[in-house]
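Computed from heavy atoms alone, side chains included, the values below leave out hydrogens, waters and symmetry copies.
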Amino acid sequence: MYSLSAAYAALLAQLADVNSDEAGCRALTVPLDAAGDSLAWLSAQPQRPQFWWQHRSGHEQVALCGAIARYQTLYQAEQACRRLPANWRIWGGNRFEAANSFFFLPRLMWRRDRRGDRLTLFLYSERSLREDAQLAARFLRQLQPPQPLPPLAANLQRRVCQPEQAEWHQRVETALATIASGVLEKVVLARSADLFWDRPLPPEALLAASRRVNPRCYQVMLRPDNESALVCASPERLWLRQQNELLTEALAGTVGCDSQPAVAQQQAQWLLQDRKNLRENGLVVEDICQRLRRMVSGLEVMPVELVRLRNLQHLRRRIHGELRSRSDALCLQRLQPTAAVAGLPRAAARAFLQRHERLSRDWYAGSLGFISRQKSEFCVTLRCAWLSGERVRLYGGAGIVAGSDPLLEWQETENKMAALAALLPVAAPAPADQRKAQTPLPAAAAPAD
């Protein structure tokens with residue numbers, strides 16, 4: 001096992017042996033001792049882009065630094081994978097409008113899994129592998145030793161909601177009227193909250209706080225440049241592909257998760273029996289199955305199960321099948337956005353959102369993850385924060401179906417944003433119209449504190 005400094009030296013020694021002037025690719029790997037924190041290491045590095053990933057099962061952590069190549073769409077990344085070894089991964093994500101994406105082939109990866117910790121340096125060139133080895137050596141010499149993560153310390157200046165609660169109420173009523181007319185079965189309305197601070201907040205510190213308190217979530221940070229970063233703590237998988245085997249899921253239907261186990265169990269039982277939430281989940285299952293029907297054989301839907309998070313509980317059904325043709329770009333086209341983040345019918349829901357939502361979702365409700373020829377996996381970009389300068393933008397959404405209550409749906413979005421908002425230095429003050437609207441909720445549906 002190597003310390004970081006010894007690992008850098010070992011990689012430099014291996015680079016000295018790369019003398020091919022032909023095109024090619026190579027991965028140089030050294031084992032690391034398990035004492036270090038890859039997120040603190042990544043925070044200290046000057047190179048961009050950066051990506052940090054922890055699987056929701058907790059069995060895998062990956063820290064990525066620097067890029068050999070970048071790709072603007074998943075399709076471009078998938079085409080590039082054909083020229084790479086089967087297990088090489090291209091990482092990144094898709095915005096809600098998936099035509100605008102960000103993917104990259106990393107230069108350096110620190111990976112931790114059941115096999116231990118290891119540092120891998122990637123080389124790739126379509127002209128001369130020796131030239132890329134020289135670039136990689138310069139890259140290694142610029143690496144910095146890890147430092148303790150900076151604190152999440154700042155003073156909140158103001159909070160701006162888009163929309164404010166009165167306008168949210170109107171949008172929900174408009175959605176309910178459209179559903180009653182038969183045009184829609186469901187639509188997912190999103191809102192944002194911009195928190196302005198007296199200084200920029202470090203995204204790595206926010207992610208570190210999230211991974212401590214948000215179990216059973218994908219923990220992800222995408223830092224494409226020095227000015228901005230996306231932090232995400234998502235409970236939802238968009239898809240997992242292993243060779244031709246495809247796994248996806250319907251995560252829809254929500255209730256609070258009280259800190260008292262007995263109350264949380266009552267909330268769970270209410271959710272498992274609530275017709276509105278069961279119907280919402282069923283609509284998502286039907287939509288996914290319909291969209292996958294022609295590209296997947298042996299489609300199987302698992303029984304409903306409960307996903308319990310720190311402050312919320314969700315209904316989930318897993319969906320499994322065998323792809324007739326292996327294509328991650330096609331999986332993206334079929335699955336993003338799901339009915340759980342957009343609505344049904346999909347075209348009508350998208351048209352409604354374009355007309356009435358008046359909110360740039362950007363990365364919210366998109367997807368983050370990786371692709372390779374062997375395997376791909378993406379989570380839905382939920383419970384996320386976009387950090388840009390002194391601003392932190394939080395997002396939350398709620399599925400509107402017949403019988404939805406505007407106040408309950410507003411509080412559901414507050415609960416979802418609280419996954420990260422509760423970790424920020426101080427609680428953001430609620431707008432005046434929100435404070436006036438705080439009326440008691442049924443115990444089973446009450447959001448967590």
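- The aromatic rings of F103 and F378 stand perpendicular to each other, their planes meeting at an angle above 60°, with 30° marking the opposite boundary.
- Among residue pairs with one or both ends in residues 65-96, those qualifying as ring pair (Phe, Tyr, Trp, His ring centres under 6.0 Å) are F51-W91, W53-W91, W88-F122, W91-F370; sequence neighbours excluded.
- Residue pairs meeting the salt bridge (Lys or Arg N to Asp or Glu O under 4.0 Å) criterion with at least one member in residues 58-72, sequence neighbours excluded, are E60-R89, E60-R111.
- Under a 4.0 Å N-O distance rule, the pair R223/E204 qualifies as a salt bridge.
- Under 3.5 Å, the side chains of H320 and E245 contain a donor-acceptor pair of N or O atoms.
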Q: Quick one: do N281 and R317 satisfy side-chain contact (heavy atoms from CB on, under 4.5 Å)? Show the steps, please.
A: CA-CA 8 Å; N281 187 275; R317 284 188 176 93; 2.6 Å; yes

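- A donor-acceptor contact shorter than 3.5 Å links the side chain of Q76 to the backbone of Q72.
- For D132 and R107, the salt-bridge test passes: some basic side-chain N is under 4.0 Å from an acidic carboxylate O.
- Partner P425 forms a side chain to side chain contact (heavy atoms under 4.5 Å, CB included) with one of N155, L156, L201 and no other, that one being L201.
- R350 is linked by a salt bridge (Lys or Arg N to Asp or Glu O under 4.0 Å) to E97, counting only residues two or more places apart in sequence or in another chain.
- A salt bridge does not link E78 with R83: none of the charged nitrogens is closer than 4.0 Å to a carboxylate oxygen.
- A salt bridge does not link R318 with E300: every distance from a Lys NZ or Arg NE/NH1/NH2 to an Asp or Glu carboxylate oxygen is 4.0 Å or more.
- At a threshold of 4.0 Å, the pair R56-E249 counts as salt-bridged, since one of the basic side-chain nitrogens sits closer than that to a carboxylate oxygen.
- We find that R159 and D194 are not joined by a salt bridge, their nearest charged nitrogen and carboxylate oxygen being 4.0 Å or further apart.
- With respect to E412 and K416, a salt bridge is recorded, a charged nitrogen being found less than 4.0 Å from a carboxylate O.
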